[in-house]
Number of protein chains: 2
Amino acid sequence: MPDPMWKQIAEDLRQKIESGVLGSDGKPLPTELELQADYSASRNTVRDAIKWLVGRNLVYTRSGQGTFVAPKVDPFVTKLVAGSQSSAEGDSQAFTAEVLGLRRLPTVSLPRVEILAATGLPARELAVPRGTTVISRHQQRYIDGVPYSRQTTFYPMHLVERGAARLINAEDIREGAVHYLERELGIREAGWRDRFNVRLPDQDEGAFFSLPDDGRIPVFEIVRTGYDDSGIPLRVTVTTYPADRNQFVMEFGRVPGVPASDRSEGSHE
Amino acid sequence: MPDPMWKQIAEDLRQKIESGVLGSDGKPLPTELELQADYSASRNTVRDAIKWLVGRNLVYTRSGQGTFVAPKVDPFVTKLVAGSQSSAEGDSQAFTAEVLGLRRLPTVSLPRVEILAATGLPARELAVPRGTTVISRHQQRYIDGVPYSRQTTFYPMHLVERGAARLINAEDIREGAVHYLERELGIREAGWRDRFNVRLPDQDEGAFFSLPDDGRIPVFEIVRTGYDDSGIPLRVTVTTYPADRNQFVMEFGRVPGVPASDRSEGSHE
DNA sequence: GCAAATTTGTTCGTATGTATT
DNA sequence: CAATACATACGAACAAATTTG
């Protein structure tokens, strides 16, 4: 059974795009009417083909203008630090990470601090009953002005009651919240667990990252739960990154040099 | 500006699905004809709404049968080991990982071994010129019979020339290829770098994992490059996992207990 | 095993709305 | 304002897959 016509058209266009016949990076494709004539198909069928290409991020459409070849993105490479460099952690680095690459300017929003009742994930990770009061500190991070990640850290309220008052100030904790807790309360983060996950963005994330609504681009979600010496959760940080422009690198043991910022391509058998 | 009608229908159905009004896990939705009547819309408009739901993995359709509420998946949780437990590595664990959870039976295919000319990623990561001969060892892994991951490890040919003959045997290296190299040649893997990436599956991966062709489900790609004491690449392992049923966990320092196999849900502000 | 009924999949045509130039 | 191009919506017909009688 042959592929449906829309799929054949889509594959033909894909091949033409990837081989560069249709130009690259912002070059307009023929209009739907022209494609309709080229392939002797109805406009709706051509549109089905274009929809498939849009879903693969090969083209994008703009009302009233046309359909264009999508540019290849140069991904941000975030290095997740495995060692215990956490002393250098700032609030803006509450999720210990480092953006690699030259000529890239990271900026961070001021934290938005909320006092709220723990639900779902925060309650579970902090091992407190639902409804327990927790502190939430939320920040948005940009690279070269482009939204890069959002993160929210939840702390149990008893940390404030025991003296860590700055947790409820809407100001950056320059030395790093984890380090602040250690200096102020003598509570050390003895270890942490990271969970990696990929899921579709919720509405807020979609708006912040300007992601399309069609579920074509997922987000990385990294949940980092930190524990003190007794194994009691100290904090949980949820960070999300759009998956279309982010990569993560981790290193263990002795590793030479700086990783080239390469985007892997397809299969390698 | 109100949402288009197909979107309103989609949102209404989404709400009905998530609140359980339409039943769960395999319950059929009303047929397109019924929905057409319910919403006073054309069949094509109803179909646009359903397409959106399919894209979010909320429903799936089966020709000749109907549209059904998609089951929630219980994800595999893979633990990426950060320490140097690599001595316990088998070929089937060449990518040091551990599947968490009870009642889960991992199985591994026999390796498919190929001798080929390095291209693209393998050449780059092994720091050899394109065209250099390398060994490729490919394996497929299943959990409870469900395709779980595919991985290909590339080794420089000179390892075989220096005595590591078993690399080119299509048999599992039980003690682990990395350990075998150390015992046989005295070459130790002093460190490694992991790159995490999310991309759409290629054709092979789509077929192996039974992923839909519409680009709705991406794959995790983890590229692990191992280096010897002098910083020379020893091997590069490319492992892919379908993103819809996999999560990754890493732990650093002292972390209590076993992580609950929770799926995070939505936003947590 | 076959035929009918049901349901989704594909393709066409057409009309109108909205965004951009 | 007009022209162009994509977006939405309707209606219709037939194909393909599946279940049922």
Side-chain angles (χ1 to χ4, degrees), chain A residues 1-14 17 22-23 26-70 206 210-216, chain B residues 1-14 17 22-23 26-70 206 210-216:
Chain A
M1 231 30 30
D3 274 347
M5 193 188 303
W6 67 263
K7 185 68 185 299
Q8 293 180 40
I9 296 173
E11 287 289 0
D12 187 65
L13 287 172
R14 183 182 63 78
I17 289 166
L22 289 173
K27 279 273 169 57
L29 262 64
T31 68
E32 292 177 351
L33 250 57
E34 288 168 328
L35 291 172
Q36 176 175 355
D38 290 352
Y39 291 102
S40 307
S42 78
R43 188 171 158 233
N44 281 333
T45 303
V46 167
R47 280 176 60 76
D48 283 343
I50 291 177
K51 248 179 248 168
W52 187 85
L53 295 169
V54 169
R56 318 219 107 191
N57 301 317
L58 289 167
V59 304
Y60 60 95
T61 58
R62 284 210 291 228
S63 271
Q65 290 189 59
T67 304
F68 306 87
V69 178
S210 304
L211 299 178
D213 172 65
D214 55 9
R216 149 167 54 109
Chain B
M1 220 60 2
D3 273 349
M5 193 187 302
W6 66 263
K7 186 68 184 300
Q8 293 180 41
I9 296 173
E11 288 290 0
D12 187 65
L13 287 171
R14 183 182 62 79
I17 290 165
L22 289 173
K27 280 272 169 58
L29 262 65
T31 67
E32 293 176 352
L33 250 56
E34 288 167 329
L35 291 173
Q36 178 175 353
D38 290 352
Y39 291 101
S40 308
S42 77
R43 189 176 156 224
N44 279 333
T45 302
V46 167
R47 280 176 60 75
D48 282 343
I50 291 177
K51 251 179 246 166
W52 186 84
L53 295 169
V54 169
R56 321 220 84 173
N57 301 318
L58 289 168
V59 304
Y60 60 94
T61 58
R62 283 209 293 227
S63 275
Q65 279 189 268
T67 304
F68 306 86
V69 178
S210 305
L211 299 179
D213 171 65
D214 55 9
R216 153 165 54 106

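So that the names make sense, note that chain A is the first sequence line, chain B the second, and so on, each numbered from 1.
At a threshold of 4.5 Å between non-hydrogen side-chain atoms, the residues B/Leu13 and B/Val59 do not count as touching. Within the 4.5 Å cutoff, the side chain of B/Arg14 has heavy atoms near those of the B/Glu11 side chain. Looking only at side-chain heavy atoms (C-beta outward), B/Arg47 and B/Arg43 come within less than 4.5 Å of each other.
Remark: B/Ser63, B/Gly64, B/Gln65 in residues 59-66 of chain B come within less than 4.0 Å of DNA chain D through at least one heavy atom.
For the pair B/Ile9 CD1 and D/dT8 P, the interatomic distance rounds to 13 Å; values are reported in whole Å. In this structure, B/Trp6 places its CH2 atom 11 Å from P of D/dA7, rounding to the nearest Å. Summarising the geometry, the separation between NZ on B/Lys7 and P on D/dA7 is reported as 15 Å, rounded to the nearest angstrom. Between the P atom of D/dA5 and the CD atom of A/Glu34 lies a distance of 7 Å, rounded to the nearest Å. Distance CG (B/Asp213) to C1' (C/dT10): 15 Å, rounded to an integer number of Å. Nucleotide D/dT4 holds its C1' atom 15 Å from the CG atom of A/Leu35, rounded to whole Å. As a whole-Å value, the separation of B/Lys51 NZ from C/dG9 P is 9 Å. Taking atom CE on B/Met5 and atom P on C/dT16, their separation rounds to 16 Å, with Å as the unit.
Between A/Thr45 and C/dC12 there is a side-chain N or O to OP1 or OP2 distance below 4.0 Å. Within the structure, a side-chain polar atom (N or O) of B/Thr67 is placed less than 4.0 Å from OP1 or OP2 of C/dT8.
Helix bend of the helix from C/dC2-D/dG21 to C/dT21-D/dA2: the angle between its two end axes, each built from five pairs, comes to 10° after rounding to 10°.
The environment of NZ in B/Lys27 is sparse: at most 12 heavy-atom neighbours from other residues, nucleotides or ligands sit within 6.0 Å.
The OG1 atom of B/Thr61 lies 11.0 Å from the CG atom of B/Leu53; values are rounded to the nearest 0.5 Å. To the nearest 0.5 angstrom, B/Asn44 atom CG is 9.0 Å from B/Gln36 atom CD.
Distances from the side chain of B/Glu32 to the nucleotides D/dC6, C/dC12, C/dG9 place C/dG9 closest. In this structure, the nucleotide among C/dT10, D/dA9, D/dC6 sitting nearest to the side chain of B/Arg43 is C/dT10.
The two residues A/Gly215 and B/Arg56 make their nearest non-hydrogen contact at CA-NH2, 4.0 Å. Nearest heavy-atom pair, A/Lys7 versus B/Asp213, reported as atom, atom and distance to 0.1 Å: NZ-OD2, 3.0 Å.
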Check the pair A/Thr45 / A/Tyr39 against side chain to side chain contact (heavy atoms under 4.5 Å, CB included), numbers first and verdict last. CA-CA 10 Å; A/Thr45 303; A/Tyr39 291 102; over 6 Å; no
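Applying the 3.5 Å distance criterion, the base of D/dA5 shares no donor-acceptor pair with the side chain of A/Arg47.
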